Amino acid sequence: MAFEVTAARRRPKTFDELAGQEFVSATLRKSIEAGKIAHAYLFSGPRGCGKTSAARILARSLNCANSRGAEPCGVCPNCIEISRGTSLDVIEIDGASNTGVNDVRQIKDEVLFPPGASRYKVYIIDEVHMLSNSAFNALLKTIEEPPPYIVFIFATTEPHKVPATIKSRCQQFAFKLIPIETIKGLLAEACGELSIEAEDEALFWIARESTGSLRDAYTLFDQVASFSDGHIRTALIREKLGLVGFDNLNSIAEACAAGDTGAAFVLLDQIIENGVSIEQFIIDLAGFYRSLLLLKSGITKESLLGYSPERFSKKVLEPLDLQQLEQGLKVLIETYRSIRYSVSPRFELETAVAELCALNKWISHDDLRTAIESLRSFLGVNTGGAPPAGTKAAPPAVPKTDGPPPDREMSFSGEFKRRIAARESAGAGRPAEESRRFNEDDGGIMAPEVRLVEKVFQATVVK
């Protein structure tokens with residue numbers, strides 16, 4: 001037999017096989033069992049989540065000669081013809097190529113004739129949002145009061161483009177993205193049918209890359225299976241498709257967290273030499289930092305992180321706080337935007353890696369502002385700003401050249417220098433442990449906020 005792609009071979013044929021759309025399946029099943037069939041249905045949702053398959057299942061359920069409640073038998077002539085697309089009473093129309101009002105007029109003429117061998121004549125219009133305004137207007141009266149044997153099923157990925165006058169005449173069903181765990185289970189079943197061995201991590205990667213689309217997952221699965229020789233492995237996928245790999249991401253993130261720019265550049269060069277594109281590397285590294293951000297926020301769900309929480313290196317998580325990881329993610333996202341117009345995308349990437357190596361020194365504006373305000377209050381020095389209410393602003397101080405200013409006019413940086421010098425003088429000659437206790441107990445000088453501002457001033461003002 002000729003090869004059949006997995007997406008077509010495993011297309012659901014009953015409501016029970018419609019994965020990830022429990023609400024849609026339950027509602028349609030109940031309405032069929034109760035005999036409450038609407039004149040028109042609107043199926044909307046992302047690509048590859050089962051809209052067209054649900055429309056065909058509904059058409060078979062309505063026309064099955066051996067109907068068992070809401071489930072089609074799958075063996076009667078009507079079910080077989082609808083599955084093959086040869087039924088004269090179930091007409092599938094591509095809305096993208098039949099957009100004109102003349103196409104709709106042809107439908108209006110055809111609905112006057114009853115079905116030949118079925119109970120219902122079903123029109124399935126895919127990508128219905130592509131119809132023109134004139135075509136929609138011509139369809140209004142037909143879908144509002146059609147003959148009792150006519151059922152319209154519209155499918156679209158962009159429901160906001162469908163006029164409200166059409167939506168109001170349809171029962172609307174919003175299809176959802178399929179969970180990663182569900183896709184992974186279906187891929188495992190496909191491997192069993194084809195007698196293919198597969199690593200659990202490899203199937204999880206395929207499911208994650210499909211972003212909730214089962215058709216995309218099956219397409220990627222077919223591609224991977226074609227070069228895997230009956231054994232799908234993560235290492236082989238990484239080699240053939242030019243992926244960075246989780247271990248490489250961990251290694252370069254550890255070098256960046258340690259501030260080792262040289263080691264990070266060496267790892268970056270090795271990854272690029274292995275054939276990984278710069279765009280793909282930025283995407284994977286941004287996804288890695290996004291997972292670190294979620295993990296630091298207390299998220300441990302594997303489907304969100306992409307990998308089990310235990311696999312993320314503690315050498316990256318421990319030294320970086322939430323704000324620093326957020327800043328690293330912003331750097332990578334901005335780099336991805338910039339490489340399109342860059343003189344050299346690699347230069348942009350190397351600059352971004354250098355910035356990631358300096359994340360452990362990065363201080364958020366809010367933390368710095370809080371620390372400065374705390375230090376102002378501790379030193380009792382007015383560093384500028386509006387005077388207190390009810391007081392007049394003091395005239396500007398006249399610079400003096402014959403000595404240091406008095407204590408009451410000492411600047412913020414001068415007062416800070418004096419405090420640091422006093423602390424160092426008082427702690428001189430003390431043993432290390434005693435000096436540490438002295439610094440912790442000397443009136444709050446070594447409070448976290450003060451230590452933070454001390455670092456900033458030593459790097460800028462004090463020097």
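All residue numbers refer to positions in the sequence shown, counting from 1. Keep in mind it's a predicted model, so treat the numbers as computed, not measured.
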Next on the checklist: Walk me through whether Asp222 and Thr219 qualify under side chain to side chain donor-acceptor pair (under 3.5 Å).
Outcome noted: CA-CA 5 Å; Asp222 286 340; Thr219 302; 5.9 Å; no
Checklist entry - Do Glu144 and Arg169 sit within salt-bridge range, that is, some charged N less than 4.0 Å from a carboxylate O? => result yes
Checklist entry - Going by the side chain to side chain donor-acceptor pair (under 3.5 Å) test, which pairs reach into residues 111-125, not counting sequence neighbours? => result Asp89-Ser118, Glu110-Tyr123
Item to check | side-chain hydrogen bond (donor to acceptor under 3.5 Å, both in side chains) partners for Glu189, two or more places apart | outcome: Arg10
Checklist entry - Got a sec, which residues hit side-chain hydrogen bond (donor to acceptor under 3.5 Å, both in side chains) with Lys184, two or more places apart in sequence or on another chain? => result Asp200
Checklist entry - Can you name the residues that form a salt bridge (charged side-chain N to carboxylate O under 4.0 Å, His left out) with Arg340, not counting sequence neighbours? => result none
Checklist outcome for this item: The reported gap from SG in Cys191 to CD in Glu197 (rounded to nearest 0.5 angstrom) is 10.0 Å
Checklist entry - What residue pairs, at least two apart or across chains, pass ring pair (Phe, Tyr, Trp, His ring centres under 6.0 Å) with a residue in residues 83-107? => result none
Checklist entry - Are the side chain of Ser25 and the backbone N or O of Glu22 linked by a donor-acceptor pair below 3.5 Å? => result no
Show every donor-acceptor pair shorter than 3.5 Å between a side-chain atom in residues 243-259 and any protein atom, with sequence neighbours excluded, or say none if there are none.
unit_1, atom_1, unit_2, atom_2, d
Asn248, ND2, Val244, O, 2.8
Asn250, OD1, Ser313, N, 3.3
Asn250, ND2, Arg311, O, 2.8
Ser251, OG, Asp247, O, 3.0
Glu254, OE2, Ser313, OG, 2.6

Checklist entry - So, do Asp94 and Ser97 sit near enough that their side-chain heavy atoms are less than 4.5 Å apart? => result yes
Next on the checklist: With a 6.0 Å cut-off on the ring centroids, do Phe175 and Phe43 count as close?
Outcome noted: yes
Would you tabulate the side-chain donor-acceptor contacts of residues 344-353 under 3.5 Å, counting partners in other chains and residues two or more places apart, or write 'none'?
unit_1, atom_1, unit_2, atom_2, d
Ser344, OG, Phe347, N, 3.4
Arg346, NE, Glu350, OE2, 3.1
Arg346, NH2, Asp269, OD1, 2.7
Glu348, OE2, Ser342, OG, 3.3
Thr351, OG1, Phe347, O, 2.8

Next on the checklist: Please enumerate all residues that pass salt bridge (charged side-chain N to carboxylate O under 4.0 Å, His left out) together with Glu71, with sequence neighbours excluded.
Outcome noted: Arg29
Checklist entry - For Glu209, what residues pass the side-chain hydrogen bond (donor to acceptor under 3.5 Å, both in side chains) criterion, not counting sequence neighbours? => result none
Could you pull out all donor-acceptor pairs under 3.5 Å where a side-chain atom in residues 73-83 meets a protein atom, sequence neighbours excluded?
unit_1, atom_1, unit_2, atom_2, d
Asn78, ND2, Asn63, O, 2.8
Ser83, OG, Arg60, NH1, 3.3
Ser83, OG, Cys79, O, 2.9

Side-chain donor-acceptor contacts of residues 153-164 below 3.5 Å, not counting sequence neighbours, with atom names and distances?
unit_1, atom_1, unit_2, atom_2, d
Thr156, OG1, His129, ND1, 2.7
Thr156, OG1, Glu158, N, 3.0
Thr156, OG1, Glu158, O, 3.4
Glu158, OE1, Lys161, NZ, 2.8

Item to check | Gln280 side chain to Asp284 side chain, donor-acceptor N/O pair below 3.5 angstrom | outcome: yes
Checklist entry - Does Glu92 have any side-chain hydrogen bond (donor to acceptor under 3.5 Å, both in side chains) partners at least two apart in sequence or in another chain, and if so, which? => result Arg56
